[in-house]
**Student:** 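Have a look at this one.
Everything numeric here is computed off the predicted structure, so don't read it as measured data.
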Amino acid sequence: MPGGQVMTVLGPLAPDRLGQVLMHEHLLCDLTPPGQRGGAAAEITLGNAFDVNYRPGAYPGNHRLQDVALAAEEAALFAAAGGGAIVEVTTGGICPDPEGLAEVSRRSGVAVVMGAGFYTAPYLDAATLALPREAMAERILGQLRDGAWGTAIRCGLIGEIGCSWPLHPAERRALQAAADAQRATGAAITVHPGRHPDAPGEILDVLETAGADPSRVVIDHMDRTYEDSVEPALALARRGCVVEYDFFGIEMSNYWMGVADLPNDWMRLRFLRRFFEVGLGGRVALSHDICTRSRLCRHGGHGYGHIPRNVVPLMRDRGFSPAEIGTLLVETPRRLLTLPA
């Protein structure tokens, strides 16, 4: 791999050209459970837009993002708001589309970094679930070095590696394989933890035991895992990893995948403030984790431009300095996405 560069879906990119980065998004994916896929998508209108956002899983097709032209349009809005790059973490099991992502990047001017690996066990076929650790690592390495999902388009990081609670044996092997691939390439790993407060710590244990570098590990979804307190996320960051608040723009109290009292954006910013107060500002990342049509601007949602357009001004109003904002949106993502020599 080219050392000191970022691997995007259009090829290597100098790290200083990334600009502001969203570390956890989906541009093209299908998060519909495999047994429920297909069929017409429910129409989103002014009359039901709120309800679709409140109950996103209740509307068929809402978790299906497969319109390349629409994805490019939405990514261009992010660029117009000042954004530079999107990390696209659609992994095996939820319909990754490398060629589509390349077209989105060309049309929008946004750099797109694609993730390698496997999503949670319920989305994987029997053959994938049976793969040994070594075969999983070989597949991830191939996606990083040669090309992903039948194309010559290469991934630029590992993940999101999908984990459930409790960990499925195949998910444990996928974490171990991610560590193996990281040791071989230096690529960062980003992980979707199970919805239990003990899940992130167990995941970090598995990765460290398998030889991963915690400074190049991102544990996602702090917003719905530790919604009441920042302290557990700080404890994780003190172990050396990066933690991610990636539900920005979701300001609904209802969590559609379980029981959780989700914070809103100003609450997330209070949590982020604490990281800087205790000297851990470089170990936290942020994003939106858009994975539904209802969160796109076309359908009345906030879109990928929400953080640069709305959250950054809110951060300034809450006392974040330009350097702190730069750490969150530019410097930490740049460090994680730059592949070492």
**Student:** Where do Pro308 and Ala81 come nearest, in terms of heavy atoms and distance?
**Tutor:**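 Distance-wise, the nearest heavy atoms are CB-O, 3.5 Å.
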**Student:** Using side-chain heavy atoms (C-beta onward) and a distance below 4.5 Å, is Val217 in contact with Gln182?
**Tutor:** yes
**Student:** Of the non-hydrogen atoms in Ala210 and Ala179, which two are nearest, and what is the gap between them?
**Tutor:**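 Ala210 and Ala179 have their closest heavy atoms at CB-CB, 3.6 Å.
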**Student:** Val21 and side chain to side chain contact (heavy atoms under 4.5 Å, CB included): which partner among Leu329, Val87, Leu336?
**Tutor:**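 Single side chain to side chain contact (heavy atoms under 4.5 Å, CB included) partner of Val21 among Leu329, Val87, Leu336: Val87.
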**Student:** Would Tyr119 end up clustered with Leu27 when hydrophobic side chains under 4.5 Å apart are linked, directly or stepwise?
**Tutor:**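 No, Tyr119 and Leu27 fall in different hydrophobic clusters.
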**Student:** Please check: side-chain N/O of Arg154 versus main-chain N/O of Leu144, any donor-acceptor pairing under 3.5 Å?
**Tutor:**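 Yes, because the side chain of Arg154 sits within donor-acceptor range (under 3.5 Å) of the backbone of Leu144.
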**Student:** Test of understanding: clusters of I, L, V, M, F, W, Y form through side-chain heavy atoms closer than 4.5 Å, transitively. Do Phe276 and Ile325 belong to the same one?
**Tutor:** yes
**Student:** Under 4.0 Å between a Lys/Arg side-chain N and an Asp/Glu carboxylate O for Glu324 and Arg273?
**Tutor:** yes
**Student:** Is it the case that more than 12 heavy atoms not belonging to Glu227 sit under 6.0 Å from its CD atom?
**Tutor:**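 It does: Glu227 CD has more than 12 such atoms within range.
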**Student:** Does the side chain of Ser294 reach to within under 4.5 Å of the side chain of Phe50, using non-hydrogen atoms?
**Tutor:**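 Side chain of Ser294 against side chain of Phe50, heavy atoms only: no contact under 4.5 Å found.
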**Student:** Val243 vs Tyr226, test: side-chain contact (heavy atoms from CB on, under 4.5 Å). Steps then yes/no.
**Tutor:** CA-CA 11 Å; Val243 296; Tyr226 305 125; over 6 Å; no
**Student:** So which heavy atom on Val112 is nearest to which on Glu88, and how close?
**Tutor:** CG1-CB, 3.9 Å
**Student:** Tell me, with the steps shown, if Arg334 and Glu331 meet salt bridge (Lys or Arg N to Asp or Glu O under 4.0 Å).
**Tutor:** CA-CA 5 Å; Arg334 181 189 298 168; Glu331 293 177 14; over 6 Å; no
**Student:** Measure the shortest side-chain to side-chain distance between Tyr255 and Arg195 over non-hydrogen atoms and say whether it is less than 4.5 angstrom.
**Tutor:** yes
**Student:** Hey, what do you get for CZ (Arg239) to CG (Leu234), rounding to the nearest 0.5 Å?
**Tutor:** 14.0 Å
**Student:** Short question: side chain of Arg309, backbone of His302 - any donor-acceptor pair under 3.5 Å?
**Tutor:**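 Yes, the answer is positive, given that a donor and an acceptor are paired below the 3.5 Å cut-off.
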**Student:** Is it true that the side chains of Thr45 and Glu43 contain a donor and an acceptor less than 3.5 Å apart?
**Tutor:**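 There is no such pair (donor and acceptor under 3.5 Å, judged by atom type) between the side chains of Thr45 and Glu43.
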**Student:** Within a strict 4.5 Å, meaning less than it, do heavy atoms of the Pro193 and Asp220 side chains meet?
**Tutor:** yes
**Student:** With sequence neighbours left out, what residues match Trp266 under ring pair (Phe, Tyr, Trp, His ring centres under 6.0 Å)?
**Tutor:**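 If we apply the ring pair (Phe, Tyr, Trp, His ring centres under 6.0 Å) test to Trp266, skipping adjacent residues, there are no hits.
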**Student:** First locate atom CG of Asn53, then atom CG of Asn48, and finally report the distance between them rounded to the nearest 0.5 Å.
**Tutor:**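 Those atoms lie 10.0 Å apart.
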**Student:** Measure the shortest side-chain to side-chain distance between Val311 and Leu269 over non-hydrogen atoms and say whether it is less than 4.5 angstrom.
**Tutor:**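 A side-chain contact under 4.5 Å exists here.
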**Student:** Given the rule that I, L, V, M, F, W and Y join up when any side-chain heavy atoms are under 4.5 Å apart, are Val312 and Leu314 in one cluster?
**Tutor:** yes
**Student:** So which heavy atom on Val206 is nearest to which on Arg172, and how close?
**Tutor:** CG2-NH1, 3.3 Å
**Student:** Between CD1 of Ile219 and OG1 of Thr190, what distance do you get to the nearest 0.5 Å?
**Tutor:**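 Taking CD1 in Ile219 and OG1 in Thr190, the distance rounds to 7.5 Å.
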**Student:** May I ask whether Ile250 and Val52 are part of the same hydrophobic cluster, defined by side-chain heavy atoms of I, L, V, M, F, W, Y residues being less than 4.5 angstrom apart, directly or through others?
**Tutor:**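 No, separate clusters.
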**Student:** Nearest 0.5 Å please: distance from the CG atom of Leu28 over to the CG atom of Leu70.
**Tutor:**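 So the gap between those two atoms works out to 9.5 Å.
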**Student:** Taking Asp180 first and then Arg173, would you say they form a salt bridge - that is, a charged N and a carboxylate O separated by under 4.0 Å?
**Tutor:** no
**Student:** For atom CZ of Arg183, decide whether the heavy atoms of other residues, nucleotides or ligands shown that lie under 6.0 angstrom number more than 12.
**Tutor:**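 Atom CZ in Arg183 is packed in, count exceeds 12.
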**Student:** With side chains defined as the heavy atoms from C-beta onward, is the minimum distance between Glu208 and Pro214 less than 4.5 Å?
**Tutor:**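 The answer is yes, as the side chains (C-beta and beyond) meet within the 4.5 Å cut-off.
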**Student:** Could you work out, with salt bridge (charged side-chain N to carboxylate O under 4.0 Å, His left out) as the rule, every residue matching Arg17, not counting sequence neighbours?
**Tutor:** none
**Student:** Between the main-chain N or O of Leu101 and the side-chain N or O of Ser105, is there a donor-acceptor pair closer than 3.5 Å?
**Tutor:**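 Side chain of Ser105 to backbone of Leu101, a donor-acceptor pair under 3.5 Å: no, none is there.
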**Student:** How are the rings of Phe271 and Tyr245 set relative to one another: parallel (under 30°), tilted (30 to 60°) or perpendicular (over 60°)?
**Tutor:**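 Rings of Phe271 and Tyr245: tilted, as their planes differ by 30° to 60°.
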**Student:** Can you check side-chain contact (heavy atoms from CB on, under 4.5 Å) on Leu175 and Cys163, steps first, answer last?
**Tutor:** CA-CA 9 Å; Leu175 288 172; Cys163 295; 3.7 Å; yes
**Student:** Drop me the distance from Arg268's CZ to Asp223's CG, to the nearest 0.5 angstrom.
**Tutor:**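 One gets 4.5 Å once the value is rounded to the nearest 0.5 Å.
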**Student:** Before you tell me yes or no, could you show the steps for Thr185 and Leu141 under side-chain contact (heavy atoms from CB on, under 4.5 Å), namely the whole-Å CA-CA distance, both residues' side-chain angles and the distance that decides it to 0.1 Å?
**Tutor:** CA-CA 8 Å; Thr185 64; Leu141 282 170; 3.6 Å; yes
**Student:** Shortest non-hydrogen contact from Cys297 to Gly303?
**Tutor:**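 Closest approach of Cys297 to Gly303, heavy atoms only: SG-CA, 3.7 Å.
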**Student:** Do Val89 and His192 touch side chain to side chain, with heavy atoms closer than 4.5 Å?
**Tutor:**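 No - every pair of side-chain heavy atoms lies 4.5 Å or more apart.
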**Student:** Answer yes or no: is there a donor N or O on one side and an acceptor on the other, between the side chain of Arg295 and the main chain of Gly301, under 3.5 Å?
**Tutor:** no
**Student:** Any Lys/Arg nitrogen of Arg274 or Glu277 sitting under 4.0 Å from an Asp/Glu carboxylate oxygen of the other?
**Tutor:** yes
**Student:** Assess the pair His306 and Phe248: is the distance between their ring centroids shorter than 6.0 Å?
**Tutor:** no
**Student:** Would the distance check show the side chain of Thr332 and the main-chain N or O of Thr327 forming a donor-acceptor pair, the cut-off being under 3.5 Å?
**Tutor:**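 Confirmed, Thr332 side chain pairs with Thr327 backbone.
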**Student:** Verify side-chain contact (heavy atoms from CB on, under 4.5 Å) between Met222 and Glu244, making sure each step is shown before the conclusion.
**Tutor:** CA-CA 6 Å; Met222 294 295 101; Glu244 189 171 83; 5.5 Å; no
**Student:** As an exercise, state the distance from CZ of Arg64 to CD of Gln36, rounded to the nearest 0.5 Å.
**Tutor:**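 Here the interatomic distance stands at 11.5 Å.
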**Student:** Does Thr91 reach the main-chain N or O of Gly159 with its side chain, forming a donor-acceptor pair under 3.5 Å?
**Tutor:**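 Between the backbone of Gly159 and the side chain of Thr91 there is no qualifying donor-acceptor contact (under 3.5 Å).
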**Student:** Please report the closest heavy-atom contact between Ala75 and Tyr304, naming both atoms and the distance.
**Tutor:**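 Smallest heavy-atom distance, with atoms named: N-CD1, 4.3 Å.
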**Student:** Is Phe78 reachable from Met315 through a run of I, L, V, M, F, W or Y residues, each pair having side-chain heavy atoms under 4.5 Å apart?
**Tutor:** yes
**Student:** Please check if the side chain of Thr8 supplies one atom and the backbone of Gly11 the other of a donor-acceptor pair under 3.5 Å.
**Tutor:**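 At least one qualifying donor-acceptor pair exists.
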**Student:** For a quick test of your reading: what N or O donor-acceptor pairs under 3.5 Å do the side chains of residues 278-290 make, sequence neighbours left out?
**Tutor:**
from: Arg283; atom 1: NH1; to: Ala237; atom 2: O; distance (Å): 2.8
from: Ser287; atom 1: OG; to: Met23; atom 2: N; distance (Å): 3.3
from: Ser287; atom 1: OG; to: His24; atom 2: N; distance (Å): 2.9
from: Ser287; atom 1: OG; to: His24; atom 2: O; distance (Å): 3.0
from: Ser287; atom 1: OG; to: Glu25; atom 2: OE2; distance (Å): 2.6
from: His288; atom 1: ND1; to: Glu25; atom 2: OE2; distance (Å): 3.0
from: His288; atom 1: NE2; to: Ile307; atom 2: N; distance (Å): 3.1
from: Asp289; atom 1: OD1; to: His24; atom 2: NE2; distance (Å): 3.4
from: Asp289; atom 1: OD1; to: His26; atom 2: NE2; distance (Å): 3.4

**Student:** For Thr292 and His63, indicate whether the former's side chain and the latter's backbone hold a donor-acceptor pair under 3.5 Å.
**Tutor:** no
**Student:** Could you check whether any side-chain heavy atom of Phe118 comes within less than 4.5 Å of a side-chain heavy atom of Ile140, counting everything from C-beta outward?
**Tutor:**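 A side-chain contact exists here, since the closest heavy-atom pair is under 4.5 Å.
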**Student:** Are Glu74 and Arg293 within salt-bridge range, i.e. N to O under 4.0 Å?
**Tutor:**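 No salt bridge links Glu74 with Arg293.
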**Student:** Any side-chain to backbone donor/acceptor pair from Asn62 onto Gly57? Under 3.5 Å, distance only.
**Tutor:** no
